[in-house]
A.B. asks: 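One structure, as structure tokens, below. Some questions next.
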Amino acid sequence: MMNLGLLLIRLVMGLTFMGHGAQKASYLFGGSGVNKTGESFESMGLKPGIPMAVLAALGELIGGGFFVLGLLTPVSAILIVATMLVAIVKAHLSHGYWNAKNGFEYNLLIASVAIGVALIGPGEYALDALVF
């Protein structure tokens, strides 16, 4: 049952994270695309905005995709945690903890799940189990 639980966690979190990357990179899922995301990043001091938006989108798409697959799980966790740390520091920390007030609750939760799965492993239903 633990392996099914890990698979569920990886699927939901990884696909959600990929969705956030797709929002930054395009207009999918109500996204604003890379140009508007870049403008937003510039306003937060992340310059140059468009390249930073592309990096964030790639980090979320690749990190989330690898997390879903259970492939190179520690690497995917690093991509996820790095993206969330930047989001916490640049966008959410000044608003406090709770997500309802644009705080860092959601970002910390995602980072914690990524670290937890990386520490215990992605389970049997993962490419890492086949490769390593």
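These values consider heavy atoms only, across backbone and side chains, with no hydrogens, waters or symmetry-generated copies. All of these numbers come straight from a predicted model, not from anything done at the bench. The first residue in the sequence is number 1, and the count goes up from there.
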A.B. asks: Starting at OG of S112, measure out to CG of N107 and round the result to the nearest 0.5 Å.
C.D. replies: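 Going from OG on S112 over to CG on N107, the span is 10.5 Å.
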A.B. asks: Apply the hydrophobic cluster definition, ILVMFWY joined by side-chain contacts under 4.5 Å directly or through others, and give me every member besides L8.
C.D. replies: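 Besides L8, the cluster holds V12.
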A.B. asks: Return the minimal non-hydrogen interatomic distance between P122 and R10, and the atom names on each side.
C.D. replies: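 Heavy atoms only, the tightest pair is O-NH1, 2.7 Å.
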A.B. asks: For the pair N3 (side chain) and E124 (backbone), establish whether a donor and an acceptor sit closer than 3.5 Å, ignoring hydrogens and angles.
C.D. replies: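 Judged by distance alone, yes, a pair lies under 3.5 Å.
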A.B. asks: Taking only residues two or more places apart in sequence, or in another chain, which ones meet S76 in a side-chain hydrogen bond (donor to acceptor under 3.5 Å, both in side chains)?
C.D. replies: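 Applying side-chain hydrogen bond (donor to acceptor under 3.5 Å, both in side chains) to S76 gives none.
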A.B. asks: Could you pull out the closest heavy-atom pair between A56 and K24, with the gap in Å?
C.D. replies: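 Between these two residues, the closest heavy atoms are CB-CD, 4.0 Å.
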A.B. asks: Got a sec, which residues hit side-chain hydrogen bond (donor to acceptor under 3.5 Å, both in side chains) with E39, two or more places apart in sequence or on another chain?
C.D. replies: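 Checked E39 against side-chain hydrogen bond (donor to acceptor under 3.5 Å, both in side chains); zero matches.
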A.B. asks: Are V68 and L71 connected in a single hydrophobic cluster, I mean Ile/Leu/Val/Met/Phe/Trp/Tyr linked by side-chain heavy atoms less than 4.5 Å apart?
C.D. replies: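 No, separate clusters.
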A.B. asks: Taking T83 for the side chain and L79 for the main chain, is one N or O donor matched with an acceptor at less than 3.5 Å?
C.D. replies: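 Indeed, once roles are kept as given, a pair shorter than 3.5 Å links the two residues.
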A.B. asks: Indicate if I9 and L7 have the same hydrophobic cluster label, given that clusters are the connected sets of ILVMFWY residues with side-chain heavy-atom separations under 4.5 angstrom.
C.D. replies: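 No, no single cluster joins them.
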A.B. asks: For a 4.5 angstrom cut-off between non-hydrogen side-chain atoms, does V34 reach F41?
C.D. replies: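 Answer no - side chains too far apart.
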A.B. asks: Does some side-chain heavy atom of M84 sit less than 4.5 Å from a side-chain heavy atom of L108?
C.D. replies: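 Sidechains of M84 and L108: no contact.
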A.B. asks: Is there a continuous path of hydrophobic side-chain contacts, each under 4.5 Å between heavy atoms, that joins F67 to L11?
C.D. replies: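 Result: no, two separate clusters.
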A.B. asks: Counting C-beta onward and ignoring hydrogens, is there a side-chain heavy-atom pair between N99 and L109 closer than 4.5 Å?
C.D. replies: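 They are not in contact (no side-chain heavy atoms under 4.5 Å apart), so the answer is no.
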A.B. asks: Quick check against the 3.5 Å criterion: does D128 have a side-chain atom that pairs as donor or acceptor with the backbone of T73?
C.D. replies: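 Checking the backbone N and O of T73 against the side chain of D128, a donor-acceptor pair under 3.5 Å is found.
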A.B. asks: Kindly indicate whether the side chain of Q23, heavy atoms from C-beta on, has any atom under 4.5 Å from the side chain of S32.
C.D. replies: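 The answer is no; the side chains never approach within 4.5 Å.
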A.B. asks: Would you indicate whether the side-chain heavy atoms of L6 and I120 approach each other to under 4.5 Å?
C.D. replies: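 They are in side-chain contact.
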A.B. asks: Membership question, hydrophobic clusters at under 4.5 Å side-chain separation (ILVMFWY): are L58 and M18 in the same one?
C.D. replies: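 Different clusters: M18 never reaches L58 through Ile, Leu, Val, Met, Phe, Trp or Tyr contacts under 4.5 Å.
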A.B. asks: Is there a path of hydrophobic side-chain contacts, each under 4.5 Å between heavy atoms of I, L, V, M, F, W or Y residues, that connects L61 with F17?
C.D. replies: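 In one cluster: no.
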A.B. asks: Please name the pair of heavy atoms, one in A91 and one in N102, separated by the smallest distance, quoted to 0.1 Å.
C.D. replies: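 Closest heavy-atom pair between A91 and N102: O-ND2, 4.1 Å.
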A.B. asks: Using ring-ring contact (aromatic ring centres under 6.0 Å, His included) as the criterion, list what pairs up with Y97, not counting sequence neighbours.
C.D. replies: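 Y97 satisfies ring-ring contact (aromatic ring centres under 6.0 Å, His included) with F104 once adjacent residues are dropped.
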A.B. asks: Which residue pairs pass the salt bridge (Lys or Arg N to Asp or Glu O under 4.0 Å) test with at least one member in residues 101-123, sequence neighbours excluded?
C.D. replies: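 Sorted pair list comes back empty.
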A.B. asks: Measure across A57 and G21 and return the closest heavy-atom pair with its distance rounded to 0.1 Å.
C.D. replies: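 Closest pair (atom of A57, atom of G21, distance): CB-O, 3.6 Å.
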A.B. asks: Closest heavy-atom contact between A114 and V81?
C.D. replies: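 Heavy atoms of A114 and V81 come nearest at CB-CG2, 4.2 Å.
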A.B. asks: Report yes if some heavy atom in the side chain of V117 is under 4.5 Å from a heavy atom in the side chain of M13; otherwise report no.
C.D. replies: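 With C-beta onward as the side chain, the pair stays apart.
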A.B. asks: Taking C-beta and beyond as the side chain, do Y27 and K36 meet within less than 4.5 Å on heavy atoms?
C.D. replies: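 Contact flag for Y27/K36 side chains = no.
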A.B. asks: Where is the tightest heavy-atom contact between P48 and P51, given as atom of each residue plus distance?
C.D. replies: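 Minimum heavy-atom separation between P48 and P51: O-CD, 3.4 Å.
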A.B. asks: Name all residues meeting the ring-ring contact (aromatic ring centres under 6.0 Å, His included) criterion together with Y125; count only those two or more places apart in sequence or in a different chain, and write none if there are none.
C.D. replies: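 For Y125 there are no ring-ring contact (aromatic ring centres under 6.0 Å, His included) partners, ignoring immediate neighbours.
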A.B. asks: Can you tell me how far apart CD1 (I110) and CD1 (I115) are? Round to the nearest 0.5 Å.
C.D. replies: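 Between I110 CD1 and I115 CD1, I get 12.0 Å after rounding to 0.5 Å.
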